[in-house]
2 protein chains.
Amino acid sequence: MSSLTALRSIALRDPLTIPNSVLYNHSQTSLVVFDAYPKSIFHFLILPRVHEPFTVTDLTDLRSLLRKDIDLAKELIHGLKIAADSLKHDIEEEMVKRYGFKWEIWMGFHGAPSMAHLHLHVLSADLCSEKMKHKKHYNSFHPKHGFFLHIETVLAWLDATPTYRASMININQATYGKILKEPLSCFHCSKQLKDMPTLKGHLQDEWESVMKRERTKLERKKHITTKHEQLVNASSTRHEEEESKSGQQ
Amino acid sequence: MSSLTALRSIALRDPLTIPNSVLYNHSQTSLVVFDAYPKSIFHFLILPRVHEPFTVTDLTDLRSLLRKDIDLAKELIHGLKIAADSLKHDIEEEMVKRYGFKWEIWMGFHGAPSMAHLHLHVLSADLCSEKMKHKKHYNSFHPKHGFFLHIETVLAWLDATPTYRASMININQATYGKILKEPLSCFHCSKQLKDMPTLKGHLQDEWESVMKRERTKLERKKHITTKHEQLVNASSTRHEEEESKSGQQ
DNA sequence: TATTCCGATAGTGAC
DNA sequence: GTCACTATCGGAATGAG
């Protein structure tokens with residue numbers, strides 16, 4: 001059972017009393033906080049605020065939420081997704097500011113969270129961070145292992161038949177536990193890595209090659225733009241020449 | 001298989017070229033060396049020197065020695081025991097010098113040594129040492145677990161029937177491996193200890209209570225001796241008095 | 001699957 | 001079962017009010 005209460009206590013606080021180092025922004029229905037131990041360059045959590053008809057225990061995790069009422073659950077998760085989409089926009093703006101390009105952003109829940117209070121992870125698809133220390137950290141965010149439940153997947157469950165939904169929501173701890181112990185494989189290229197230091201080195205290499213690729217794209221674009229500008233300029237110069245010629249006529 | 005060769009190379013060297021920090025003493029047939037990682041206050045190794053009819057590989061371990069010839073093996077091990085008994089005498093002298101009393105000394109072979117070249121461990125029965133770090137270290141010297149083969153036990157095997165001898169000598173690696181993973185239990189009082197730091201603390205306590213007990217014994221002895229001396233003195237004084245009296249007569 | 005601390009466990013490499 | 005180094009694995013405590 002989830003029992004650690006740091007997120008729950010954040011969710012219960014008056015947002016105005018939460019320091020900016022913790023809270024990114026908030027609405028009537030949700031809080032966006034900086035993950036205290038970011039596992040990617042960008043990593044936030046979106047927490048539902050506690051308000052009727054939900055009690056704080058209804059919001060412990062996906063299972064407790066689904067036990068409440070399916071339609072209310074759908075509405076709440078859709079609300080989180082709206083906040084996440086807005087956050088995604090902000091992150092992309094910051095990506096361009098800092099790096100000159102955007103890259104993928106993942107949104108999802110952990111299949112077996114440790115901390116009480118539903119939290120939607122929103123993080124950039126690089127998994128490059130000092131705080132990424134253990135195999136279980138990495139595997140919990142691997143986009144294809146099944147521990148990280150992409151929000152679209154969860155929304156699909158909510159719209160599926162009750163039987164299918166129940167079977168997916170009730171995947172047990174043991175099943176999730178096994179995923180966390182799977183061998184380390186790169187989420188970019190599926191290469192197997194022998195241990196965390198090796199994996200982290202490899203992820204850094206992959207990330208640097210993404211950057212190089214994007215920078216090359218930018219250069220090409222700039223080059224094309226320049227060519228285009230030259231053409232435009234040349235053409236307008238010709239026009240000017242023609243105009244001046246015609247003016248001389 | 002034993003394959004590390006530090007001891008083998010020592011056994012093959014001219015003893016006169018081995019530094020005093022390594023070699024304690026030697027004879028025609030054996031070397032006594034300080035264990036480089038002593039697991040007790042006193043800890044030595046006795047190595048057979050390589051001489052006919054043995055080759056260096058005959059002397060790899062008990063099993064290779066026994067494959068050679070049973071009577072030659074007995075002779076060789078008896079030779080090691082003679083060196084060990086002499087060493088024991090030296091250690092006891094040093095115990096008295098340093099601590100004022102003697103305590104038990106163990107002599108034996110490891111059932112599954114890692115290093116090539118037969119080596120008889122001779123060590124004081126305290127197992128108090130900084131170098132005692134791991135469970136396998138401790139269990140390899142526990143006097144009742146069966147990994148530490150007391151020399152008297154081995155000599156008894158040599159005098160037993162060939163079938164019994166073979167069964168004892170051929171106890172396999174897996175069996176010995178299990179012994180090294182047994183729970184930690186104090187060799188003094190059989191108490192189970194949860195981990196190495198706890199065990200080491202307990203062994204230190206046991207060792208300190210041994211010291212206290214022995215010191216108390218010494219005090220009592222000294223006291224008795226003093227009483228005795230007083231009696232002797234008193235008596236001799238009386239004699240002197242009597243003598244002087246008689247002299248005065 | 002919150003982190004952190006501690007210790008046990010496992011693999012390697014040494015020459 | 002040589003050591004030393006690195007990394008993984010495994011349990012326990014943790015905070016807040």
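Reckoned from all heavy atoms, side chains included, excluding hydrogens, waters and symmetry mates.
Checking C:dT4, D:dC3, C:dA14 against every side-chain atom of B:L4, the shortest atom distance belongs to C:dA14. You'll find that the side chain of B:P197 is closest to C:dG7, out of C:dT3, C:dG7, D:dT14.
Using a 4.0 Å cut-off, no side-chain N or O of A:K200 falls inside it from OP1 or OP2 of D:dA7. Contact check, A:H134 against D:dC9: no side-chain N or O comes under 4.0 Å of OP1 or OP2. At D:dT8, none of the side-chain N or O atoms of A:K133 fall inside 4.0 Å of OP1 or OP2 (strictly under the cut-off). The phosphate of D:dG10 has OP1 or OP2 within less than 4.0 Å of a side-chain N or O from A:K181.
Within 4.0 Å (heavy atoms only), A:H121 reaches no atom of the nucleic acid at all. Residue-level contact check: A:H119 touches the backbone only, with heavy atoms under 4.0 Å from sugar-phosphate atoms and none from bases. As judged by a 4.0 angstrom heavy-atom cut-off over every strand, B:K39 is placed among residues touching the sugar-phosphate backbone only.
Pairing for C:dC15 is absent, with no Watson-Crick or G-U wobble pair whose two atom distances lie under 3.5 Å.
Under a 4.0 Å N-O distance rule, the pair A:R98/A:E94 qualifies as a salt bridge. Look at B:E182 and B:K135 and you find no salt bridge, because none of the NZ, NE, NH1 or NH2 atoms lies under 4.0 Å from a carboxylate O. The pair A:D159-A:K74 meets the salt-bridge criterion, with a side-chain N (NZ, NE, NH1 or NH2) lying under 4.0 Å from an Asp/Glu carboxylate O.
Rounding to whole angstrom units, NZ of residue A:K136 and C1' of D:dA7 are separated by 15 Å. Atom pair A:L7:CG and D:dG15:C1' shows a separation of 13 Å (rounding to whole Å applied). If you take CD1 of A:I10 and P of D:dG15, they are 15 Å apart, rounded to a whole angstrom. Protein atom CZ of A:R13 is 8 Å distant from nucleotide atom P of D:dG17, rounded to whole Å. Taking atom CD of A:E182 as the reference point, atom C1' of D:dC9 lies 17 Å away to the nearest angstrom. Taking atom CD of residue A:E130 and atom C1' of nucleotide C:dT3, one finds them 15 Å apart after rounding to whole Å. Computed from coordinates, the B:M196 CE to C:dT9 C1' distance equals 14 Å when rounded to whole Å. Atom pair A:L12:CG and D:dG15:C1' shows a separation of 15 Å (rounding to whole Å applied).
No side-chain heavy atom of B:E104 sits less than 4.5 Å from a side-chain heavy atom of B:S124. B:F148 has its side chain out of reach of B:F187: every pair of non-hydrogen atoms, C-beta onward, lies at least 4.5 Å apart.
If you find the closest nucleotide of DNA chain C to A:A174 and to B:D195, the one lying nearer the 5' end belongs to A:A174.
C:dT4 and D:dG17: their C1' atoms are spaced 23 Å apart (whole Å).
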